[in-house]
Amino acid sequence: PGRAMRAGKAEAYLNHNGLDRHTVEKAGQLARDELSFGDNARAIGDYRRAICPVLIKRTLTEVLHAD
């Protein structure tokens, strides 16, 4: 919970390496490692940390395949 944050390391990685099926996975891992995740009544930080790379990969893959 909290405000939206930019994942600067993941962003820089994608800017340098481009967007493809390999970089989307690494970007998710970088974002997970650099962001902080808190707890609230809906989810604990550990769950959010675990799901972060999955959601980033899904989102970037959708962007990659957009026409």
(Q) Do Val63 and Val54 land in one hydrophobic cluster if side-chain heavy atoms of ILVMFWY residues count as linked below 4.5 Å? (A) no
Q: State the CD-CD1 distance between Gln29 and Ile56, to the nearest 0.5 angstrom.
A: 10.5 Å
Q) Shared ILVMFWY cluster between Leu55 and Leu60, side chains joined below 4.5 angstrom? A) no
Donor-acceptor pairs under 3.5 Å, side chain of residues 31-38 to any protein atom, not counting sequence neighbours: which ones?
{"unit_1": "Glu34", "atom_1": "OE1", "unit_2": "Gly8", "atom_2": "N", "d": "3.0"}
{"unit_1": "Glu34", "atom_1": "OE1", "unit_2": "Lys9", "atom_2": "N", "d": "3.1"}
{"unit_1": "Glu34", "atom_1": "OE2", "unit_2": "Lys9", "atom_2": "N", "d": "3.0"}
{"unit_1": "Glu34", "atom_1": "OE2", "unit_2": "Ala10", "atom_2": "N", "d": "3.1"}

Q | Contact check, side chains of Arg58 and Glu62, non-hydrogen atoms, under 4.5 Å | A | no
Q: List for me each residue that meets side chain to side chain contact (heavy atoms under 4.5 Å, CB included) alongside Thr61, sequence neighbours excluded, and say none if there are none.
A: Val24, Lys57, His65
Q.
Under the rule for side chain to side chain contact (heavy atoms under 4.5 Å, CB included), what residues qualify as partners of Leu64, not counting sequence neighbours?
A. Leu19
**Q.** Arg49: salt bridge (charged side-chain N to carboxylate O under 4.0 Å, His left out) partners, not counting sequence neighbours
**A.** Asp46
Q | Glu11: side-chain hydrogen bond (donor to acceptor under 3.5 Å, both in side chains) partners, not counting sequence neighbours | A | Arg6
Q. side-chain hydrogen bond (donor to acceptor under 3.5 Å, both in side chains): which pairs involve residues 12-23, sequence neighbours left out?
A. Asp20-Thr23
